[in-house]
2 protein chains.
Amino acid sequence: MADQTPGTSRAVLEADEAAARAAAGVTEVDARADAELTRSGRDAVVTQRALVRAARRRFATDGYRATTVRQIAADAGVNVALINRYFMSKEGLFEACMMRTSDELDTQTEARASGIAEVIERLVSHAVDSPNGDDPLQLLLLLRSSGDENADRIRRKTMEHFTERLATAAGWHADDAATAPLLLRAQLAISMMLGVVMLRTSAAVQPVASATATELAAPLSQVFTALLAEGHAPE
Amino acid sequence: MADQTPGTSRAVLEADEAAARAAAGVTEVDARADAELTRSGRDAVVTQRALVRAARRRFATDGYRATTVRQIAADAGVNVALINRYFMSKEGLFEACMMRTSDELDTQTEARASGIAEVIERLVSHAVDSPNGDDPLQLLLLLRSSGDENADRIRRKTMEHFTERLATAAGWHADDAATAPLLLRAQLAISMMLGVVMLRTSAAVQPVASATATELAAPLSQVFTALLAEGHAPE
DNA sequence: TCGGTATGTAAACAGGTATTGACTTGAGGC
DNA sequence: GCCTCAAGTCAATACCTGTTTACATACCGA
């Protein structure tokens with residue numbers, strides 16, 4: 001297990017090229033990376049992105065402890081040692097995945113919502129669409145505990161941040177006591193999504209695993225509406 | 001890793017004393033076990049039960065891969081080798097946990113429900129009460145994938161069985177096309193429970209982790225009602 | 001053309017894992 | 001009182017894990 005102070009080292013400096021920018025949380029980075037992609041077949045940024053992509057899929061479906069670095073490297077088509085070269089450790093790679101997920105959730109929820117109906121619709125499609133891709137869908141499964149204290153702290157922060165975003169979109173005001181229950185209700189909505197995604201992807205349990213998006217849309221909308229749009233004290 | 005055909009061996013024959021009976025799924029077994037408990041301080045059934053109890057807790061909270069057999073043995077207060085003696089392997093112990101969970105869910109759902117309201121109330125209390133005990137609450141977390149194909153198959157079967165039980169309690173008839181959506185809705189209710197339990201126990205995410213039972217009861221009842229009691233085609 | 005450097009590779013390391021086998025301890029039958 | 005057999009212990013096994021080290025290869029500026 002790595003030291004508790006993964007602050008500054010040689011490997012970190014080498015990883016900065018993309019990891020630090022990713023931590024900054026700008027999607028513009030991706031464009032720049034794609035531009036640099038044309039440089040040659042040996043591109044550190046490209047392999048780092050491939051590693052993160054493969055890692056997210058594995059971490060989401062199999063959990064942190066169950067996925068091996070060799071699996072990730074094989075999925076990404078690169079050598080195992082590059083994980084430690086670019087991310088310092090398996091935990092570092094996990095944190096990078098977390099950062100990216102946090103950023104994606106941010107950009108998704110910060111998009112101006114015209115109303116609670118649109119928010120609900122977006123939640124439904126988020127929980128239902130494309131269960132096998134590496135879309136933001138599976139990223140919720142990153143909430144699985146990793147056994148590492150630092151990564152778990154980030155994970156918790158990400159979740160709570162997401163909760164507040166959703167609650168705000170549903171009309172929650174931090175200083176208004178009347179809307180306080182909305183925070184809890186927003187998290188229950190997230191729990192609902194979490195459960196559905198889990199049963200559809202990680203465990204392939206019927207019938208929800210093979211249910212179509214249209215079949216799921218109606219009951220899920222009902223649930224989210226019951227949680228966010230009615231039954232609580234409005235302003 | 002163990003062979004794919006754990007059919008007959010010496011260890012299995014020794015384990016039969018309790019494992020096979022547990023597989024039969026009769027609660028009467030427990031009474032007999034408690035009777036035999038008075039035989040002496042060295043009772044195989046007692047240690048087996050202790051192992052299963054400790055294993056369920058560990059598997060539920062930490063996941064399959066993350067828990068070590070030494071941890072389980074230490075929790076149960078017995079020697080590590082006894083796991084292999086009585087359950088043939090770590091996987092065997094996991095399967096035994098699964099069987100027992102399946103049985104408990106059965107006895108819980110097969111208890112005559114006076115109506116959908118009672119079923120909902122029972123679901124709420126199941127998802128909310130006593131998050132730290134080894135009650136049926138955490139057992140839902142056994143749905144975590146174990147990496148083993150056989151255990152995962154049992155896991156899936158258990159879930160689907162539980163789904164059908166719940167759907168039946170909500171008025172579902174296998175031959176009635178009008179009530180078909182109830183099966184999916186029942187599983188969504190289970191997904192909701194799964195998400196809540198996960199956020200409350202494994203990941204300790206605020207505010208749902210520290211929310212009281214009464215705070216959670218209202219919105220959860222709303223969700224379960226929306227899923228099971230209204231909005232679908234009644235008979 | 002020639003180093004120097006970033007990138008990738010292969011083999012090995014130390015630690016932990018589940019599992020196995022031989023051994024010891026205890027209780028009951030003759 | 002010995003003998004048998006189940007119940008439990010201990011140490012060694014082979015394997016897999018994440019990580020590191022030393023080495024190869026491609027790119028790029030001088």
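Bear in mind the structure is a predicted one, so any value in this text is a computation, not a measurement. Within every chain, numbering begins at 1; the chains are lettered A, B, ... in the order of the sequence lines, protein sequences first and strands thereafter.
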>> Measuring from atom CZ of B/F162 to atom CD of B/Q187, what distance do you get when rounded to the nearest 0.5 angstrom?
In response: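 So the gap between those two atoms works out to 10.5 Å.
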
>> Is there a side-chain contact between A/K90 and A/I83 in this structure, where contact means two heavy atoms from C-beta onward sitting under 4.5 Å apart?
In response: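 No. Closest side-chain heavy atoms not under 4.5 Å.
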
>> On DNA chain C, compare the nucleotides closest to B/V69 and A/V78; which residue's is nearer the 5' end?
In response: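 Looking at the nearest nucleotide for each, A/V78 comes out on the 5' side.
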
Among [options], the nucleotide that comes nearest once only the side chain of [X] is considered:
X	options	result
B/Y86	C/dG8, D/dG8, D/dT19	D/dG8
A/T68	C/dG8, D/dT17, D/dG8	D/dT17
B/A81	D/dT19, D/dT9, C/dT19	D/dT9
A/R70	C/dA18, D/dG8, D/dT17	D/dT17
B/L82	C/dG8, D/dT9, D/dT19	D/dT9

Whole angstrom is fine here: how far is it from [atom1] in [X] over to [atom2] in [N]?
X	N	atom1	atom2	answer
A/R85	D/dT20	CZ	P	12 Å
A/F94	D/dT19	CZ	P	14 Å
B/R58	C/dT17	CZ	C1'	16 Å
B/K90	C/dT19	NZ	P	8 Å
B/Q71	C/dT17	CD	P	8 Å
A/R42	D/dA24	CZ	P	14 Å
A/F87	D/dT20	CZ	P	15 Å
A/N84	C/dA11	CG	P	18 Å

> With the threshold set at 4.0 Å, does a side-chain nitrogen-carboxylate oxygen contact exist between A/D75 and A/R58?
Replying inline: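 Salt bridge between A/D75 and A/R58, a charged N being under 4.0 Å from a carboxylate O: yes.
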
> Do you know which two heavy atoms are closest between B/Q71 and B/A66, and how far apart they sit?
Replying inline: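 Minimum heavy-atom separation between B/Q71 and B/A66: OE1-O, 4.1 Å.
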
> Minimum heavy-atom separation for A/V45 to A/D43, with atom names?
Replying inline: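 Looking at all heavy atoms of both residues, the closest pair is N-OD1, 2.9 Å.
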
> Given that A/N79 and B/T47 both sit by DNA chain D, which one's nearest nucleotide is further toward the 5' end?
Replying inline: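 Closest to the 5' end, via its nearest nucleotide, is B/T47.
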
